[in-house]
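Inspection log for the structure reproduced underneath, given as structure tokens.
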Amino acid sequence: MNQSSVLPQWAPRVSRHSIAQLYAKDAKGIRDEDLADDVGIALFARVESCLIATGAMRGEVKCPSCGSFIHRDLKPCRREDPIEMLQCNSCEWQLSWPEYHKTYRKKRLGSARLDVPFREFLRGFAKAQWYQQKMILIDTLLHIYHGELEGPLGGPGTANLIGGKMSDVANFLNQLTYGDQSTPGLVDQLEEWRKLAKRAPYGTEDV
């Protein structure tokens with residue numbers, strides 16, 4: 001493919017089945033490092049896509065060809081204005097903004113107010129070497145709530161990572177398997193998440 005015609009690629013939402021399987025094994029004391037890597041890497045890719053798409057919405061478009069950033073003027077568009085073109089100064093890549101926008105439209109790639117915890121997950125998982133570190137990072141990410149750090153609670157930040165309605169995602173997280181042999185720290189994080197769930201408008205069943 002010609003460098004100038006490369007389209008941005010967005011990571012899909014992560015399989016609920018693989019997440020549920022990881023937690024079920026962990027609760028039995030089975031430390032499946034390959035599965036933890038699979039889930040963690042899939043979450044890593046999805047989080048990265050969310051941050052890149054959100055950056056584009058805010059005026060900083062990452063070139064899908066070389067990784068450089070293209071600044072957009074966010075002034076309101078009028079019908080008579082010429083079509084905005086994105087052009088990378090570091091390589092030959094270019095694409096119209098409407099075409100770029102179409103690639104992520106309706107794919108739930110926004111990160112809203114979750115930029116900080118999303119970036120913390122990326123930094124942490126890139127350095128994590130041991131199973132326990134990866135599980136804690138995965139569990140922390142899955143149980144982030146919209147607005148937990150600022151403003152009113154909205155719902156699980158995970159909704160854009162694993163899909164489903166807010167209430168569906170909240171209930172899925174509540175039904176993940178925990179046990180006496182779960183990775184140390186996970187049960188404590190679960191209790192904190194349940195406290196948040198009771199306060200949020202998208203609560204969970206049987207919390």
Side-chain angles (χ1 to χ4, degrees), residues 1-19 38-122 125 141-142 144-173 200-202:
M1 181 181 289
N2 187 286
Q3 187 181 43
S4 63
S5 61
V6 173
L7 292 175
Q9 301 296 311
W10 309 108
R13 282 172 280 184
V14 183
S15 162
R16 290 190 189 188
H17 174 74
S18 60
I19 294 171
D38 289 345
V39 171
I41 290 169
L43 286 169
F44 190 102
R46 181 66 181 181
V47 166
E48 201 168 42
S49 285
C50 286
L51 290 172
I52 292 172
T54 301
M57 297 173 203
R58 293 171 178 168
E60 294 295 328
V61 179
K62 186 175 183 180
C63 173
S65 180
C66 72
S68 298
F69 284 91
I70 304 161
H71 178 72
R72 292 184 58 236
D73 188 347
L74 296 180
K75 65 180 180 181
C77 294
R78 298 172 300 178
R79 184 173 298 179
E80 63 269 23
D81 289 341
I83 295 175
E84 179 185 0
M85 290 298 298
L86 303 172
Q87 294 181 310
C88 181
N89 293 325
S90 300
C91 68
E92 298 178 354
W93 183 82
Q94 63 177 358
L95 191 69
S96 74
W97 170 246
E99 288 179 289
Y100 186 97
H101 179 261
K102 191 187 301 182
T103 67
Y104 70 75
R105 186 169 173 265
K106 296 184 178 180
K107 292 185 179 178
R108 293 177 62 172
L109 282 162
S111 61
R113 291 174 289 184
L114 299 170
D115 296 38
V116 172
F118 275 13
R119 294 187 189 283
E120 287 177 350
F121 172 78
L122 294 184
F125 200 84
L141 176 68
L142 291 179
I144 291 171
Y145 249 84
H146 263 300
E148 181 178 349
L149 304 180
E150 54 175 307
L153 291 172
T158 318
N160 283 4
L161 303 182
I162 61 177
K165 297 178 182 178
M166 289 289 187
S167 57
D168 293 339
V169 172
N171 287 322
F172 168 74
L173 294 174
Y202 298 98

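If you're wondering where the values come from, they're calculated on a predicted model, not measured in any experiment. We use all heavy atoms of the structure for the numbers below, so side chains are in, but hydrogens, waters and symmetry mates are not.
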Using 30° and 60° as the class boundaries, would you call the ring planes of Phe44 and Phe125 parallel, tilted or perpendicular?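 Because their plane-to-plane angle lies in the 30° to 60° range, the rings of Phe44 and Phe125 count as tilted.
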Could you tell me how the ring of Trp97 sits relative to the ring of His101: parallel (under 30°), tilted (30 to 60°) or perpendicular (over 60°)?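 Answer is tilted, since the angle falls between 30° and 60°.
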Report the distance from atom [atom1] of [X] to atom [atom2] of [Y], rounding to the nearest 0.5 Å.
X     : Y      : atom1 : atom2 : answer
Ser96 : Lys102 : OG    : NZ    : 8.0 Å
Trp93 : Leu7   : CH2   : CG    : 8.5 Å
Glu92 : Cys63  : CD    : SG    : 11.0 Å
Leu95 : Tyr100 : CG    : OH    : 9.0 Å
Gln9  : Thr103 : CD    : OG1   : 8.5 Å
Phe69 : Ile52  : CZ    : CD1   : 7.0 Å

Less than 4.5 Å apart, any side-chain heavy atom of [X] and any of [Y]?
X      : Y      : result
Cys66  : Cys88  : yes
Leu86  : Gln94  : no
Tyr104 : Pro8   : no
Leu141 : Leu161 : yes

Minimum heavy-atom distance between Cys50 and Arg108, given as atom pair plus value: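 Closest approach of Cys50 to Arg108, heavy atoms only: SG-O, 4.5 Å.
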Which atoms form the tightest heavy-atom contact between Arg16 and Ile162, and what is the distance?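 So the two residues come closest at NE-O, 4.1 Å.
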Exceeds 12 heavy-atom contacts within 6.0 angstrom, atom CG of Leu74: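 Atom CG in Leu74 is crowded, with more than 12 foreign heavy atoms closer than 6.0 Å.
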Does atom CG of Asp115 have more than 12 heavy-atom neighbours from other groups under 6.0 Å away?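 Count over threshold, so yes.
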Under the criterion side chain to side chain contact (heavy atoms under 4.5 Å, CB included), I'd like the reasoning laid out for Ile70 against Met85: C-alpha separation, chi angles, the key distance, then a yes or no. CA-CA 11 Å; Ile70 304 161; Met85 290 298 298; over 6 Å; no
Test Arg13 against Lys107 for side chain to side chain contact (heavy atoms under 4.5 Å, CB included), laying out the working first. CA-CA 9 Å; Arg13 282 172 280 184; Lys107 292 185 179 178; over 6 Å; no
Let me see the working for Thr54 and Leu109 under side chain to side chain contact (heavy atoms under 4.5 Å, CB included), right down to the final yes or no. CA-CA 7 Å; Thr54 301; Leu109 282 162; over 6 Å; no
Any Lys/Arg nitrogen of Arg72 or Glu84 sitting under 4.0 Å from an Asp/Glu carboxylate oxygen of the other?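 The answer is yes: the pair qualifies as a salt bridge.
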